[in-house]
Amino acid sequence: MKNNSLLDDIFFHRNGLDESRVKALVSGSLSSLDDGELYMEFCQSEQLSFDDGHLKNANFDTTQGFGLRGVLGEASAFAHSSDITEESIKRAGKTLSSLKSSGSYSINLDENKRKTLYGTLNPLDEVAFEKKLKLLSNIDSYLRDKDTRVKQVSVSLGGEWQAIQIIRGNGIKIGDIRPLVRLNISVVVEQNGRMERGSYGTGGRTAYAEYIAEANWKKFADEALRQALVNLDSVPAPAGEMDVVLGPGWPGVLLHEAIGHGLEGDFNRKKVSAFSNLMGERVAAKGVTIYDDGTMQDRRGSINIDDEGTPSNKTCLIDDGILVGYIQDRLNARLMNAKPTGNGRRESYEHQPMPRMTNTYMVSGDRTPEEIIKSVKKGIYAVNFGGGQVDITSGKFVFSASEAYKIENGKVGAAVKGATLIGNGPDVLTKVKLIGNDMALDPGIGTCGKDRQSVPVGVGQPTMLIGGLTVGGTEV
């Protein structure tokens, strides 16, 4: 109830709004439509960047506004404004008048089923600016003192405190308060004229406290430096078709991009996904089970409710290789005669919601990582990834490995540089040979882009062996 009082203060009292009149405006605007909502948002954010021993940027921002959406069939009308007043909401309602009656669509938003997955403390107010600046300076000094090969250190710390309030046409009001923080460390090292980079990022829906703790930030800094030093000794990556072992955690971004997007409801309703019309069929090797789970405590991709007001959910997408579920928002769920899964997400009040992932991961198998590597005669062990691209319709993807090693005769060998993984999302799932018992989630760095909107997400997987994947390399 404390959260409800805070949200009422943010959206109604501060803006001089009468709740009953706002509900009447929303009800009147949506009464003849299938669906829709008033989405109000208040967000404070900060970003501090420290580069080469100096504070480079310190940005602080406060935004607020609303978006009013009406939905009829496949069509939607949408208006947004940074001015949260009854008059602005009334004008936005006129935008919806072009849509005609079709009857209403409703689901039960049971408040009792909602979980509290993170605290409501505003990280921007939790720690003084001087202490945040000291953290960035300490990381810079620590890395430079630790190794004389360090030539450049870049550190950034960001925080966000977002409050949302959603009002539906039937008068239901539901809200959420979402903290989000992230720490990024990048290191450039030089040896004998060769320069290489390493990086590490972490974050989640928590406060700054764990990042301020010396033992933690030193561990993060050490990991960035380790990665840079590994790359100093890397050799050109081999090319060709070979076995590829993916490490646990962040390599799950390959699943997110190559497979997860293809399981979003809008692409499947429009039948433009490589997974369209495959519900109930085998799409992956036995043992492959994948979930999208927005209910994980403090995770970057977690949400108490989605941006349409649907409680977040743990949705099984692939069960032992069989396609069993899609990621749904309200609009696509209605048109596909399915239930919303709590995945209607939007970047801000200026955007309409769409089906988006939260935390997407593959569950553990029964093999140890050592067994998996030992089974490979010749291949690549990809531990970390950089950028990647995927085509939703065909499922084709290309991913660059930022940290990878040769595997020869069952042993991890030299680090390699320039390895890219090339394949097809639905096809790669059928090539999974062995699945490790070490499922891990990424450290809290995922950001997903779709239709020019970005939202925070999480990924994860265990160590796994994919047979016969094409590797693009730089070895002559």
Side-chain angles (χ1 to χ4, degrees), residues 45-61 123-124 126-160 180-204 206-235 247 249-251 253 300 382-387 400-405 415-419 442-447 454 456:
S45 61
E46 67 178 1
Q47 183 73 29
L48 281 67
S49 299
F50 202 86
D51 196 13
D52 281 339
H54 301 283
L55 181 64
K56 186 176 181 180
N57 287 302
N59 298 323
F60 303 87
D61 192 30
L124 280 66
E126 171 209 4
V127 176
F129 174 81
E130 291 76 16
K131 198 167 184 178
K132 298 169 191 174
L133 183 59
K134 183 65 173 176
L135 169 67
L136 304 184
S137 177
N138 285 342
I139 293 173
D140 179 274
S141 300
Y142 172 75
L143 286 168
R144 293 179 186 277
D145 293 342
K146 185 159 189 176
D147 198 304
T148 57
R149 291 171 290 183
V150 171
K151 299 302 177 185
Q152 182 179 5
V153 178
S154 299
V155 191
S156 65
L157 182 69
E160 179 180 293
L180 186 67
V181 299
R182 179 166 170 174
L183 173 67
N184 293 311
I185 303 171
S186 177
V187 185
V188 175
V189 296
E190 181 182 14
Q191 181 174 279
N192 299 326
R194 178 175 177 174
M195 302 184 75
E196 295 290 351
R197 181 184 300 273
S199 62
Y200 186 80
T202 183
T206 60
Y208 281 134
E210 66 178 281
Y211 308 102
I212 298 293
E214 184 173 323
N216 288 340
W217 65 252
K218 282 186 175 180
K219 179 176 65 176
F220 305 148
D222 288 344
E223 176 57 22
L225 178 59
R226 182 200 65 79
Q227 209 179 103
L229 296 178
V230 164
N231 287 329
L232 269 183
D233 296 323
S234 62
V235 300
W250 178 242
V253 69
R300 181 173 169 83
V383 178
N384 277 304
F385 284 104
S400 301
S402 59
E403 181 183 356
Y405 304 83
V416 297
K417 184 179 181 180
D442 77 282
I445 58 175
T447 298
S454 296

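We're numbering straight along the sequence, starting at 1.
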Chi angles and distances behind the salt bridge (charged side-chain N to carboxylate O under 4.0 Å, His left out) call for D52, R144: CA-CA 10 Å; D52 281 339; R144 293 179 186 277; 3.4 Å; yes
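- For the atom pair K134 NZ and F50 CZ, the distance stands at 9.5 Å (nearest 0.5 Å).
- Considering every non-hydrogen atom in both P251 and A382, the closest pair reads CG-O, 4.1 Å.
- Using a 4.5 Å heavy-atom cutoff, the side chains of L157 and L136 are in contact.
- Remark: side-chain polar atoms of E126 are paired, donor with acceptor, to backbone N or O of A209 under 3.5 angstrom.
- Checking S402 against R197 by side-chain atom types alone, no donor-acceptor pair falls below 3.5 Å.
- The two atoms that bring G201 and N184 nearest to each other are CA-OD1, 3.5 Å, heavy atoms only.
- When all heavy atoms are compared, the tightest approach of L143 to A221 is CD2-O, 3.5 Å.
- Between S49 and L55, the shortest heavy-atom distance links the atoms O-CD1, 3.4 Å.
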side-chain contact (heavy atoms from CB on, under 4.5 Å), that's the test. Do V153 and Y142 meet it? Break it down for me. CA-CA 10 Å; V153 178; Y142 172 75; over 6 Å; no
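- Between D222 and K146, at least one side-chain nitrogen of the basic residue sits less than 4.0 Å from a carboxylate oxygen of the acidic one, meeting the salt-bridge criterion.
- Considering every non-hydrogen atom in both I212 and K131, the closest pair reads CG2-CE, 3.7 Å.
- A donor-acceptor pair under 3.5 Å links the side-chain atoms of Y208 to the main chain of G159, judged by distance alone.
- Tested against V150 for a side chain to side chain contact (heavy atoms under 4.5 Å, CB included), the candidates D145, D140, V189 yield a single pass: V189.
- Within the 4.5 Å cutoff, side-chain heavy atoms of L48 are placed close to those of F129.
- N216 places none of its side-chain heavy atoms less than 4.5 Å from the side chain of T202.
- Formation of a donor-acceptor pair under 3.5 Å by the W250 side chain with backbone atoms of P443 is not found in this model.
- Taking the side chain as every heavy atom from C-beta outward, N138 and L135 never approach each other to under 4.5 Å.
- Considering all non-hydrogen atoms of both residues, Y405 and V416 come closest at N-CG2, 4.0 Å.
- Using a 4.5 Å heavy-atom cutoff, the side chains of E223 and Q227 are in contact.
- The residues R149 and E196 are annotated as not salt-bridged, no charged nitrogen and carboxylate oxygen being separated by less than 4.0 angstrom.
- With hydrogens and angles disregarded, a donor-acceptor distance shorter than 3.5 Å links the side chain of S141 to the backbone of S137.
- Between F220 and Y200, the ring planes lie parallel to each other; the angle is under 30°, not in the 30° to 60° tilted range.
- Between atom CD1 of residue I185 and atom CD1 of residue I139 there is a gap of 4.0 Å, rounded to the nearest 0.5 Å.
- Salt-bridge annotation for D233 and R194: absent, with no side-chain N of the basic residue lying under 4.0 Å from a carboxylate O of the acidic one.
- Between D51 and N57, the closest side-chain pair of non-hydrogen atoms is not below 4.5 Å.
- Between the side chain of R300 and the main chain of G446, a donor-acceptor pair closer than 3.5 Å is present.
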Residues R182, S156; criterion side-chain hydrogen bond (donor to acceptor under 3.5 Å, both in side chains); working and verdict: CA-CA 8 Å; R182 179 166 170 174; S156 65; over 6 Å; no
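- Separating the CD atom in Q152 from the CE atom in M195 is a distance of 7.0 Å, to the nearest 0.5 Å.
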